[in-house]
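Values below: all heavy atoms of this structure, side chains included; hydrogens, waters and symmetry mates excluded.
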Amino acid sequence: MNSIPNAQPMANTFFPLFLFFLLFHFPSLSPAKLQLNFYSNSCPQAEAIVRSVMHKAFIREPRSVASVMRFQFHDCFVNGCDASMLLDDTPTMLGEKLSLANINSLRSYEVVDEVKETLEKVCPGIVSCADIIIMASRDAVFLTGGPDWPVELGRLDSLTASQEDSDQIMPSPRANATSLIDLFSKYNLSVKDLVALSGSHSIGKGRCFSIMFRLYNQSGTGRPDPAIEPRFREELFKRCPHGVDENVTLNLDSTPYVFDNQYFKDLVGGRVC
């Protein structure tokens, strides 16, 4: 992804901005009123169970919690937070898993499955998958050293999904800053919101697929993006040469398992994928 404007001043205020974005900018299609401690009576162990399973997943494979955190954006940006992105295709419905933004990109569905299975043993039929995504995303941040915060719950799961909607709404991983700003503005989201959400790249890995155009053909020039720091560019040439399997992964910043401000520092220094 190309550089986001105003990244350097945002670095110092990243955590509060990121929380504000997650708390107030992702809608829910549920007609129910969201509230704190929603499951306090029906499933009082719900949040503890989600965090426990996420912690086990983090120990097994640190990258998995970053993958689960991505689910919140990919679910909520397309018609609200309704877990529609988890639905498999049926003979009458093309779901979102194979949409352009999700295929060969989203991973660790099995972690959400494990959370759901554990909850079903304790509180069958109570906790929605939409709420699981929200809780698990919060826990991904906390488990990697970021802040913790209360989440309002009570979302309902969708019974349908739309690959077409996902294709039309979700941004391309190769979108530049201008197109991202334009897209976010359609949903009344500001540049500050975009910068805050970009901070989620503090943890996890990206694919060579997402860097190849910047590395070899920036803006159709046939040359690398001049914003990439020269020594980092040479490293990328080695990791993502022509003809490489574009699913080979690279660290998104220099501290891929720690939720911190390093992504913004690396972005300013031309050292992010």
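Here the side chain of Asp266 pairs no donor or acceptor atom with the backbone of Val272 at under 3.5 angstrom. At distances below 3.5 Å, at least one donor-acceptor pair connects side-chain atoms of Asp157 with backbone N or O atoms of Cys129. Listed for the Glu61 side chain is no donor-acceptor partner under 3.5 Å among the backbone atoms of Arg63. Side chain of Ser52 to main chain of Ala48: no donor-acceptor pair is present (N/O by atom type, distance under 3.5 Å, no hydrogens or angles). Between the side chain of Ser64 and the main chain of Ala57, a donor-acceptor pair closer than 3.5 Å is present. The backbone N or O of Lys192 sits less than 3.5 Å from a side-chain atom of Ser190, completing a donor-acceptor pair. Checking side-chain atoms of Asn251 against main-chain N and O of Ser254 turns up no donor-acceptor pair under 3.5 Å. Asp253 contributes a side-chain N or O that, together with a main-chain N or O of Tyr263, makes up a donor-acceptor pair within less than 3.5 Å. A donor-acceptor pair under 3.5 Å is formed between the side chain of Lys116 and the backbone N or O of Val127. Remark: side-chain polar atoms of Asp167 are not paired, donor with acceptor, to backbone N or O of Ser99 under 3.5 angstrom.
When all heavy atoms of Leu250 and Leu236 are compared, the closest pair comes out as CD1-CD2, 3.8 Å. Heavy atoms only, all atoms of each residue included: Cys81 and Ala130 are closest at O-CB, 3.6 Å. Pairing each heavy atom of Ala101 with each of His74, the nearest pair is O-CE1, 3.5 Å. Here the closest non-hydrogen pair linking Gln163 and Gly95 is CB-O, 2.9 Å. Nearest heavy atom pair, residue Val65 against residue Ala140, reads O-CB, 3.2 Å. In terms of heavy-atom proximity, Met93 sits nearest to Asp88 at CE-O, 3.2 Å.
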Kindly determine whether Arg155 and Asp75 satisfy salt bridge (Lys or Arg N to Asp or Glu O under 4.0 Å), including the steps that lead there.
-> CA-CA 12 Å; Arg155 295 163 186 80; Asp75 182 38; over 6 Å; no

Yes or no on side-chain hydrogen bond (donor to acceptor under 3.5 Å, both in side chains) for Ser179 and Asn176, after CA distance, side-chain angles and deciding distance?
-> CA-CA 6 Å; Ser179 63; Asn176 61 28; 3.1 Å; yes

Go through the steps to decide whether Ser166 and Asn102 satisfy the test side-chain contact (heavy atoms from CB on, under 4.5 Å), and finish with yes or no.
-> CA-CA 9 Å; Ser166 183; Asn102 297 341; 3.8 Å; yes

Chi angles and distances behind the side-chain contact (heavy atoms from CB on, under 4.5 Å) call for Phe209, Asn104 = CA-CA 10 Å; Phe209 170 82; Asn104 296 325; over 6 Å; no

Go through the steps for Leu215 and Cys240 under the test side-chain contact (heavy atoms from CB on, under 4.5 Å), then give the verdict.
-> CA-CA 9 Å; Leu215 197 54; Cys240 300; 4.2 Å; yes

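Here Ile49 contributes atom CD1 and Glu117 contributes atom CD; the two are 13.0 Å apart, rounded to the nearest 0.5 Å. The line from CE of Met135 to CE of Met54 is 11.0 Å long, rounded to the nearest 0.5 Å. One distance of note links CG of Asp131 with CD1 of Ile126; it measures 12.0 Å at 0.5 Å rounding. Considering CD1 of Ile211 and CG of Asp225, their distance stands at 8.0 Å, rounded to 0.5 Å. One distance of note links CE of Met85 with CD of Gln72; it measures 11.0 Å at 0.5 Å rounding. Considering CG of Leu267 and CG of Leu252, their distance stands at 11.5 Å, rounded to 0.5 Å.
Annotation: side chain of Leu119 is in contact with side chain of Val50 (closest heavy-atom distance under 4.5 Å). Residues Cys208 and Asp245 fail the side-chain proximity criterion, which asks for heavy atoms closer than 4.5 Å. Under the 4.5 Å side-chain criterion, counting only non-hydrogen atoms from C-beta, Phe58 is in contact with Thr144. With a 4.5 Å cut-off on side-chain heavy atoms, Tyr187 and Asp193 do not count as touching. No side-chain heavy atom of Leu106 sits less than 4.5 Å from a side-chain heavy atom of Glu96. Side-chain contact between Lys205 and Tyr257 is present, with at least one heavy-atom pair separated by less than 4.5 Å. Side-chain contact between Cys123 and Tyr39: absent, with no pair of heavy atoms (C-beta onward) separated by less than 4.5 Å. When side chains are defined from C-beta on, Cys76 does not count as touching Ile133, because their heavy atoms never get closer than 4.5 Å.
Contact check on Lys97 versus Asp89 returns no salt bridge, with no Lys/Arg side-chain nitrogen under 4.0 Å from an Asp/Glu carboxylate oxygen. Of the charged side-chain nitrogens involved, none lies within less than 4.0 Å of a carboxylate oxygen, so that Arg60 and Glu110 do not count as a salt-bridged pair.
Within a 6.0 Å radius of CG in Asn41, other residues, nucleotides and ligands contribute 12 heavy atoms or fewer. Environment of CD in Glu164: sparse, with no more than 12 heavy atoms of neighbouring residues, nucleotides or ligands closer than 6.0 Å. For Arg239, the CZ atom is loosely surrounded, since the number of other residues' heavy atoms within 6.0 Å does not exceed 12. Counting non-hydrogen atoms of other residues, nucleotides and ligands closer than 6.0 Å to CG of Leu159 gives a total of 12 or fewer.
If you chain together hydrophobic residues whose side chains sit under 4.5 Å apart, Leu100 and Phe77 never meet in one group. Under the 4.5 Å side-chain heavy-atom criterion for grouping Ile, Leu, Val, Met, Phe, Trp and Tyr, Val78 is connected to Leu189 within one hydrophobic cluster. Taking hydrophobic clusters as Ile, Leu, Val, Met, Phe, Trp and Tyr residues chained together by side-chain heavy-atom distances below 4.5 Å, Val244 shares a cluster with Phe232. Under the 4.5 Å side-chain heavy-atom criterion for Ile, Leu, Val, Met, Phe, Trp and Tyr, Ile59 and Met69 are members of distinct hydrophobic clusters. The hydrophobic clustering, which links ILVMFWY residues whose side-chain heavy atoms are closer than 4.5 Å, places Phe142 and Val115 together.
Within the 6.0 Å centre-distance limit, the rings of Phe71 and Tyr109 are counted as a close aromatic pair.
Paired with Arg70 under the rule side-chain hydrogen bond (donor to acceptor under 3.5 Å, both in side chains), one option of Ser108, Ser200, Ser105 passes, and it is Ser105.
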